[in-house]
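Structure first, commentary second.
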Protein chains: 2
Amino acid sequence: MSGLARGIAAQLRDQITSGQLRPGAKLPTEDQLIAQHGVSRNTVRGAVAHLVNEGLVRRVVGRDGGMVVRERVTLTYHASRAEQPDGLRSESDGYFTEVRDQGFEPSQTFELRLVMLETAIADRLEQEEGVTAVLRRCVRSVNHEPTSIQDSYYPMDLAEQVRELMSPADIPQGTTRLLAERGHLQIAFTDELEARMPTPEDVALLRLGQGTPVIRYLRTAFTRERVVRVTVTTFAGDRNRVVYTLGDVAALEREHGRRPKQHP
Amino acid sequence: MSGLARGIAAQLRDQITSGQLRPGAKLPTEDQLIAQHGVSRNTVRGAVAHLVNEGLVRRVVGRDGGMVVRERVTLTYHASRAEQPDGLRSESDGYFTEVRDQGFEPSQTFELRLVMLETAIADRLEQEEGVTAVLRRCVRSVNHEPTSIQDSYYPMDLAEQVRELMSPADIPQGTTRLLAERGHLQIAFTDELEARMPTPEDVALLRLGQGTPVIRYLRTAFTRERVVRVTVTTFAGDRNRVVYTLGDVAALEREHGRRPKQHP
DNA sequence: ATCCATTTGTGCGTATGTATG
DNA sequence: CCATACATACGCACAAATGGA
């Protein structure tokens, strides 16, 4: 009932969480673990597999390879700051400055598609399932490592009214402001966040290591009359943190200076 | 280079995501997969292990056991609705009504501890690392299945001023309101969300299946003068969704009725 | 209450392939 | 070209959980 593999995993996990094995450090090789614990190679691999699936360890093949304690760098995404309905601001601009403020180099690629809506999106866009809509996909990278996929869906009739939505390029002033200029002022939005393990597509697009969950984050944007946009953002879970600041933000900044500050 | 196991996994995954194998349905048994694909048992187990780690499949031992497509029920947590600084309301009351509205039965257990602060919490509470603080832990369950752990930390000096914080029982009016009554009016808060694989402690407390990430969600609450609370909530990722509604919520409800509505 | 059949869980030994320095 | 270290796969054995006869 004990589980040899479980025990070895637990021991290694302790060494990692206690800081005895720091991020970047190498675990003993498989052969060493075999000798140390007097078990078979399969058992050792099973033990380490647990740690890999917990996102604690990464395996590297090749001569100077080994099993390495994963290091994590976290990027903060201010969900309530970007595209605040009152303080309109370019979306990508906001993103770029935010990333640069954190000392990294942002980049992104655009793509435009016409797609048939699946249920979840159709529902929120208030369209029928299977209807065509405009999809603007933006893969965002930090230091040339992809960190998030942002898929924005717009109803077809809106895109026909605001033709710029159909251009396969970044919109300088940001879509929120563009839509506002054309009489579609965004007054509110709803964000839904969930965590899940990535699909193979996510793994490919975000170059995810095993044991990395993703944050799926769905924003539905409203004007006074209608739903104008649904954005599905998929973040690499180990590289991102989503932050909301709510309440009397002005007073907060006034009284507490630049807090809420950057936390490790 | 191809990977037999990968192929089998991909084939099964397709059957699941395409709906050919619905949630609750059983995959072929290991023996059947062995026969179908002419591979060894280890290979089959390796293939299914991928699906388990993706949270798609659950294994059940015993004579009518098997490998089952996981069903997921999602509970929505309205992060921006609860304890809104303007519309003060009891926290647990809010939680209970919210869960009941979704047709489930809520319950919770309380626990009070004095703890030494670790860096991450100390930092946000504006206390020194290692200083003692009050921890109020609340494990929340839905239909007697635990779904979230909520750890609220209060600075010691505040607890000495507001003694009820030291009682190991639910506070009827909710701590936010209690603190407001005693002159500590919460004016804003910051939420930080991230996804990660669970620690063994999380697995035990939340009875998590393999391949289930957790949402870690950290709320720092401010009065005009100081930080009064840091709450760390850990959600089972497969059973929860965190929702924020921002902007002109009043107008939203007025114009769009009860939208944002419940989505599957 | 016992025993049996089914199905997954754990572990061993071995062989060969692949990536990297 | 070789040595190192992980990747993948085969075959075997026995244990543990569960449900039915």
Side-chain angles (χ1 to χ4, degrees), chain A residues 1-13 16 21 24-70 200 203 207-211, chain B residues 1-13 16 21 24-70 200 203-204 207-212:
Chain A
M1 224 296 171
S2 59
L4 283 185
R6 234 176 285 276
I8 298 174
Q11 186 179 318
L12 290 169
R13 185 169 28 238
I16 294 171
L21 279 169
K26 284 210 282 230
L27 271 56
T29 67
E30 293 185 347
D31 282 343
Q32 287 169 336
L33 289 173
I34 290 168
Q36 281 174 33
H37 297 93
V39 295
S40 76
R41 176 145 186 250
N42 284 339
T43 304
V44 165
R45 283 187 63 78
V48 178
H50 284 303
L51 304 178
V52 170
N53 288 323
E54 286 164 23
L56 288 175
V57 166
R58 180 169 51 95
R59 296 204 243 225
V60 183
V61 298
R63 179 162 172 157
D64 278 24
M67 305 181 289
V68 183
V69 181
R70 268 176 61 172
V203 172
R207 301 185 207 294
L208 295 174
Q210 221 182 321
Chain B
M1 225 293 171
S2 59
L4 284 184
R6 236 177 282 280
I8 299 173
Q11 184 178 319
L12 290 169
R13 183 169 29 237
I16 294 170
L21 279 169
K26 284 211 283 230
L27 271 56
T29 67
E30 292 183 349
D31 282 344
Q32 286 169 337
L33 288 173
I34 290 167
Q36 281 175 33
H37 296 95
V39 296
S40 74
R41 182 159 176 235
N42 283 340
T43 304
V44 165
R45 284 187 64 77
V48 177
H50 284 303
L51 304 178
V52 170
N53 287 324
E54 286 164 23
L56 287 175
V57 166
R58 180 169 49 96
R59 295 203 243 223
V60 183
V61 299
R63 188 180 163 143
D64 281 22
M67 305 181 288
V68 184
V69 180
R70 270 176 59 173
V203 171
R207 300 186 206 293
L208 295 174
Q210 219 183 321
T212 310

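FYI, side chains are in, hydrogens and waters are out, and symmetry mates aren't considered; it's all heavy atoms of this structure.
Nucleotide C:dT7 holds its P atom 13 Å from the CG atom of B:Leu27, rounded to whole Å. Between the P atom of D:dT8 and the CD1 atom of B:Ile8 lies a distance of 13 Å, rounded to the nearest Å. In this structure, the CZ atom of B:Arg58 is 17 Å from the P atom of C:dT7, given to the nearest Å. Between B:Ile34 atom CD1 and D:dC12 atom P the separation is 11 Å, expressed in whole Å. Rounding to whole angstrom units, CD of residue A:Glu30 and C1' of D:dT8 are separated by 12 Å. Atom CG of B:Leu4 is separated from atom P of C:dA15 by 20 Å (rounded to the nearest Å). One can place CD of B:Gln32 at 9 Å from P of C:dT8, the figure rounded to the nearest angstrom.
What you find for B:Ala9 and B:Ala47 is that their closest heavy atoms are CB-O, 3.7 Å. For the pair A:Ala5 and A:Gly46, the tightest heavy-atom approach, listed with the atom from each and the gap, is CB-C, 4.5 Å. The minimum heavy-atom distance linking A:Thr29 with A:Met67 is given by the pair C-CE, 4.2 Å.
Residue side chain A:Asn42 reaches the base of C:dG13 through a donor-acceptor N/O pair under 3.5 Å, judged by distance alone.
In a base pair of the Watson-Crick type (N1 to N3 plus N6-O4 or O6-N4) or a G-U wobble (N1-O2 and O6-N3), with each distance short of 3.5 Å, D:dG11 is matched with C:dC12.
Here A:Arg59 reaches the OP1 or OP2 of D:dA7: one of its side-chain N or O atoms lies under 4.0 Å away. For A:Arg41, no side-chain nitrogen or oxygen approaches OP1 or OP2 of C:dG13 to under 4.0 Å.
Between A:Glu54 and A:Leu51 the shortest side-chain heavy-atom distance falls below 4.5 Å. When side chains are defined from C-beta on, B:Val57 does not count as touching B:Leu12, because their heavy atoms never get closer than 4.5 Å.
The residue among B:Arg45 and A:Ser40 whose nearest nucleotide of DNA chain C is located toward the 5' end is B:Arg45. For the pair A:Val44 and A:Arg63, nearest-nucleotide mapping onto DNA chain C gives the more 5' position to A:Val44.
Considering only side-chain atoms of A:Met67, the nucleotide from D:dC6, C:dC12, D:dT8 that sits closest is D:dC6.
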